[in-house]
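This is a predicted model, so every value here is computed, not measured. Letters A, B, ... mirror the listed sequences (proteins, then strands); counts begin at 1. Below, all heavy atoms of this structure are taken into account, side chains as well, without hydrogens, waters or symmetry copies.
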Amino acid sequence: MSSATNAEDGSTAGFEVPDYDVDATLGCGQAFRWEPVHGGWEGVVSGRWARVEATPIGIRATCLGDPEGWDWLRRHLALDEDLAAILETFPEDPPMRAAVAACRGLRLLRQEPWECLASFICSSTKQIVQIRQIVRELAGGFGEPVVAPADRGPVHAFPGPAALASAGEAALRACRLGFRAPYLLDAAERVVDGRLDLAAIARMPTREAREALMSVEGVGPKVADCVLLFAYGRQDAFPIDVWVRRALQELYFPKARRLTPERLARFSAGHFGPYGGYAQQYLFHHVRMRAGRVGGTARAGITPEPGSGDGR
DNA sequence: AGCCAGGACTAAT
DNA sequence: ATTAGTCATGGC
């Protein structure tokens with residue numbers, strides 16, 4: 001930390017961080033509660049409202065109340081991660097190089113497991129803007145109020161499993177969850193009654209942790225990998241969604257007719273190295289930016305389609 | 001109006 | 001062990 005100021009009702013601190021792209025990190029679809037406000041990003045971390053802005057040498061953060069050393073935010077934002085060392089492990093191929101060139105400074109967050117699991121249960125066959133909407137409604141409906149600047153309107157923490165378990169399926173469906181409502185309910189009930197121990201998962205080998213997560217209804221391989229990667233720091237976990245699947249096919253298997261999920265998973269695990277999940281997020285964000293799906297509406301005619309010949 | 005979305009589940013081969 | 005149908009909902 002290079003500087004800090006403390007007012008009666010809030011604190012601001014500057015952090016020197018090389019290669020930190022705030023927009024890419026908070027807007028790339030790994031987390032759903034950070035929102036762009038007045039040139040910065042605002043969200044709720046560990047029950048606290050926080051604002052983050054990019055500076056020439058790193059980031060500036062603001063919170064209300066006692067920041068208590070900022071470890072909660074430093075950990076969430078992964079400020080201590082050696083990004084350069086991670087990027088060096090990426091494979092030296094043209095698609096990977098292009099992705100890193102396009103969004104260097106993107107970092108994986110360290111999210112709270114329950115919020116991450118619940119959010120990605122809501123994510124299946126939903127657009128990111130809709131996921132953000134669902135998560136916002138869940139927080140507003142069932143989350144604890146959080147102290148925030150008065151002009152922001154009411155801000156709520158993401159609701160804990162007990163709050164969602166007691167909400168009932170109908171109330172969850174009212175948040176536009178659709179068929180995912182019973183899935184989220186199942187997850188909440190498992191955490192509440194102990195069948196799913198989110199703290200124990202942190203200590204499990206990745207394979208075992210993945211199985212434990214997939215015991216929840218509505219949690220398949222992709223959602224489990226997202227939680228392993230975004231919340232549990234298993235940076236070799238490689239979520240394959242429709243965007244990543246298309247990117248892999250177009251960029252690495254332009255001739256292949258169709259590849260089974262198992263074959264793509266095997267290729268990814270072998271090709272992208274110990275930080276494959278990190279590489280995956282670079283590919284994901286790169287193709288979505290290229291398609292105009294980040295920070296606005298899609299531009300006509302650029303949406304990637306299989307066989308459109310953009311890859312090489 | 002029709003297609004698609006950071007999928008997973010189920011039933012039928 | 002693979003494959004199609006189904007599930008809500010909203011953006012484009």
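Within 4.0 Å (heavy atoms only), A:R245 reaches no atom of the nucleic acid at all. Counting any heavy atom pair closer than 4.0 Å across all strands shown, A:F230 reaches a base atom. Among the heavy atoms of the strands lying under 4.0 Å from A:S123 are primed sugar atoms or P, OP1, OP2 only; no base atom is included.
Spacing between B:dC9 and C:dG10 at atom C1', rounded to whole Å, works out to 22 Å. For the P atoms, the distance from C:dG5 to B:dG6 is 24 Å, rounded to whole Å.
A cation-pi arrangement is not found for A:R152 relative to A:W49, the charged atom failing to lie both closer than 6.0 Å to the ring centre and inside a 45° cone about the ring normal. Both cation-pi conditions hold for A:R288 and A:W243: the charged atom is under 6.0 angstrom from the six-membered ring centre and inside a 45 degree cone around its axis.
Going from atom CD of A:Q133 over to atom P of B:dG6 covers 15 Å, rounded to whole Å. Distance A:I128 CD1 to C:dC12 C1': 15 Å, rounded to the nearest Å. For A:R293 and B:dC4, the CZ to P distance is 12 Å, given to the nearest whole Å. Rounding to whole angstrom units, CD1 of residue A:I134 and C1' of C:dC7 are separated by 14 Å. Between A:Q130 atom CD and B:dG7 atom C1' there is a gap of 14 Å when expressed in whole angstrom units. Rounded to whole angstrom, the span from the CD1 atom of A:I121 across to the P atom of B:dC9 amounts to 10 Å. With rounding to whole Å, A:I131 atom CD1 is found 16 Å from C:dT9 atom P. For A:I240 and B:dG7, the CD1 to P distance is 12 Å, given to the nearest whole Å.
The stretch residues 214-226 of chain A touches DNA chain B through A:V216, A:E217, A:G218, A:V219, A:G220, A:P221, A:K222, A:V223, each having a heavy atom under 4.0 angstrom from the strand. Taking a 4.0 Å limit (strictly below) on heavy-atom distances, residues 177-184 of chain A reaches DNA chain B at A:F179, A:Y183.
Under a 4.0 Å N-O distance rule, the pair A:R104/A:D19 qualifies as a salt bridge.
Heavy atoms only, all atoms of each residue included: A:S46 and A:E112 are closest at N-OE2, 3.1 Å. What you find for A:A212 and A:L196 is that their closest heavy atoms are O-CD1, 3.5 Å. Heavy atoms only, all atoms of each residue included: A:A188 and A:A165 are closest at CB-N, 3.7 Å. Minimum interatomic distance between A:H286 and A:A102 (heavy atoms only, all atoms of both residues): ND1-CB, 3.3 Å.
In this structure, A:F120 does not pack face-to-face on the six-membered ring of B:dG6, missing the 5.5 Å centre cutoff or the 30° plane limit.
No donor-acceptor distance shorter than 3.5 angstrom exists from the side chain of A:Q30 to the backbone of A:Q281, with no hydrogens or angles considered.
Residue A:R132 places none of its side-chain N or O atoms closer than 4.0 Å to OP1 or OP2 of C:dG10.
For C:dG10, the base has no donor-acceptor partner in the side chain of A:Q127 [N/O atoms by modelled type, under 3.5 angstrom]. A:Q280 contributes a side-chain N or O that forms a donor-acceptor pair with the base of B:dG6 under 3.5 Å. Counting distance only, with no hydrogens placed and no angle test, the side-chain atoms of A:Q281 and the base atoms of B:dG6 include a donor-acceptor pair under 3.5 Å.
In this structure, A:Y282 has its ring center closer than 6.0 angstrom to the ring center of A:F90.
Residue A:R173 places its side chain closer to C:dA8 than to any other of C:dG11, C:dA8, B:dG6.
With rounding to the nearest 0.5 angstrom, the CG atom of A:L108 is 6.0 Å from the CZ atom of A:F230.
When each of A:S124 and A:V129 is assigned the nucleotide of DNA chain C bearing its nearest heavy atom, the one mapping closer to the 5' terminus is A:S124.
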